2 protein chains.
Amino acid sequence: MVPQAKLMKGTANSLLLCLLSQQPMYGYQIIKELERRSAGYFRFKEGTLYPALHRLEKAGLVMGRWRLLPSGRQRKYYHITDKGHRMLVEKRSQWQNFLAAMNLIIEPASN
Amino acid sequence: MVPQAKLMKGTANSLLLCLLSQQPMYGYQIIKELERRSAGYFRFKEGTLYPALHRLEKAGLVMGRWRLLPSGRQRKYYHITDKGHRMLVEKRSQWQNFLAAMNLIIEPASN
DNA sequence: TGATAATACCTAGATTACCTATGTATATCC
DNA sequence: GGATATACATAGGTAATCTAGGTATTATCA
């Protein structure tokens with residue numbers, strides 16, 4: 001297991017909601033976009049992403065819509081829902097709290 | 001599962017190594033100390049901490065030594081090893097890289 | 001004195017969200 | 001026509017958390 005893998009737990013959903021809050025995207029695009037924006041750091045595996053999107057959809061946080069391209073290829077675009085937006089706000093807050101606590105331990109201001 | 005739980009994965013070991021790099025501690029003390037220093041945020045469960053300490057010991061990153069108090073009570077103090085110190089340096093670096101990547105996604109500088 | 005809380009260690013089993021590996025299919029490039 | 005990129009999907013393995021339970025000693029307080 002790569003080191004990131006464990007750190008990813010708990011943040012993967014936030015990353016997905018964050019991306020989709022900016023614009024609808026399809027799975028393959030999400031993988032590429034996360035890699036691009038993180039300067040190569042995030043490389044979501046398909047076995048991670050697709051089940052994650054399905055879980056988010058089942059939870060009503062995103063909605064997938066198939067779109068047929070002129071080429072005949074199918075893509076499933078995921079849109080964030082209102083519930084997803086609210087969850088993102090909460091996730092962001094949780095992340096900030098976690099960060100604050102981490103900083104108190106791993107970068108003690110003074111002792 | 002509380003929201004922290006998932007975020008904890010991958011950082012729990014770093015937190016433990018970080019604490020123990022400052023001074024040897026015993027399990028119960030670690031729980032209390034993490035809670036105190038994080039202003040109540042981190043509340044390690046015993047079922048999380050003790051197995052984690054045992055894993056760290058098995059990996060040669062820490063070493064536990066029983067100490068008998070005058071009262072007759074036994075405590076197991078964990079000391080960080082040289083290998084543990086080196087691991088801590090690496091963990092800190094991994095954490096910083098992860099943070100940097102997260103910030104690129106969840107707080108885009110400009111797009 | 002006796003009950004309760006705090007201290008101090010431990011483990012078993014459930015859960016969950018990653019990963020690897022694999023499958024299918026189309027499009028593009030040389 | 002063969003390799004690579006695009007595009008979705010699932011099955012099963014793994015690992016680290018949690019819940020829940022156990023044992024035992026010490027301190028507090030009614």
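What you see is a predicted model; the values in this text were computed from it and never measured. Note on naming: letters A, B, ... go to the chains in the order of the sequence lines (proteins, then strands), and numbering restarts at 1 for each one.
Distances shown here put every side-chain N or O of B:Lys9 at or beyond 4.0 Å from the OP1 or OP2 atom of C:dT16. In terms of phosphate contacts, B:Tyr28 brings a side-chain nitrogen or oxygen within less than 4.0 Å of OP1 or OP2 of C:dT7. At the phosphate of C:dC9, neither OP1 nor OP2 sits under 4.0 Å from any side-chain N or O atom of B:Tyr26. Within the 4.0 Å cut-off from OP1 or OP2 of C:dC9, not a single side-chain nitrogen or oxygen of B:His54 is found.
Residue contacts shown for A:Lys76 are limited to sugar-phosphate atoms, with no base heavy atom under 4.0 Å away. Across all strands, B:Gly47 comes closer than 4.0 Å to base atoms (heavy-atom distances). Among the heavy atoms of the strands lying under 4.0 Å from B:Glu46 is at least one base atom, whether or not backbone atoms are also near. Contact annotation for A:Ala12: backbone-only contact, meaning every heavy-atom pair under 4.0 Å involves sugar-phosphate atoms and none involves a base.
The base of D:dT6 has none of its N or O atoms less than 3.5 Å from a complementary donor or acceptor on the side chain of A:Arg75. For C:dT26, its base sits under 3.5 Å from the side chain of A:Arg73 at one donor and acceptor pair at least.
Relative orientation of the A:Trp95 and B:Phe98 rings is perpendicular, given thresholds of 30° and 60° on the angle between their planes. Ring planes of B:His54 and B:Tyr78: tilted class, angle from 30 to 60°.
Closest contact between the side chain of B:Arg55 and the listed nucleotides D:dT17, D:dA9, C:dA17 involves D:dT17.
In this structure, B:Trp66 places its CH2 atom 14 Å from P of D:dA24, rounding to the nearest Å. For the pair B:Arg36 CZ and C:dT7 P, the computed distance is 14 Å after rounding to whole Å. If you measure from atom OH of B:Tyr77 to atom C1' of C:dA8, you get 11 Å, rounded to the nearest angstrom.
Classification of B:Glu90 and B:Arg86 as a salt-bridged pair fails, no side-chain N sitting under 4.0 Å from a carboxylate O.
Both B:Pro51 and A:Tyr50 lie near DNA chain D, and the one whose nearest nucleotide falls closer to the 5' end is A:Tyr50.
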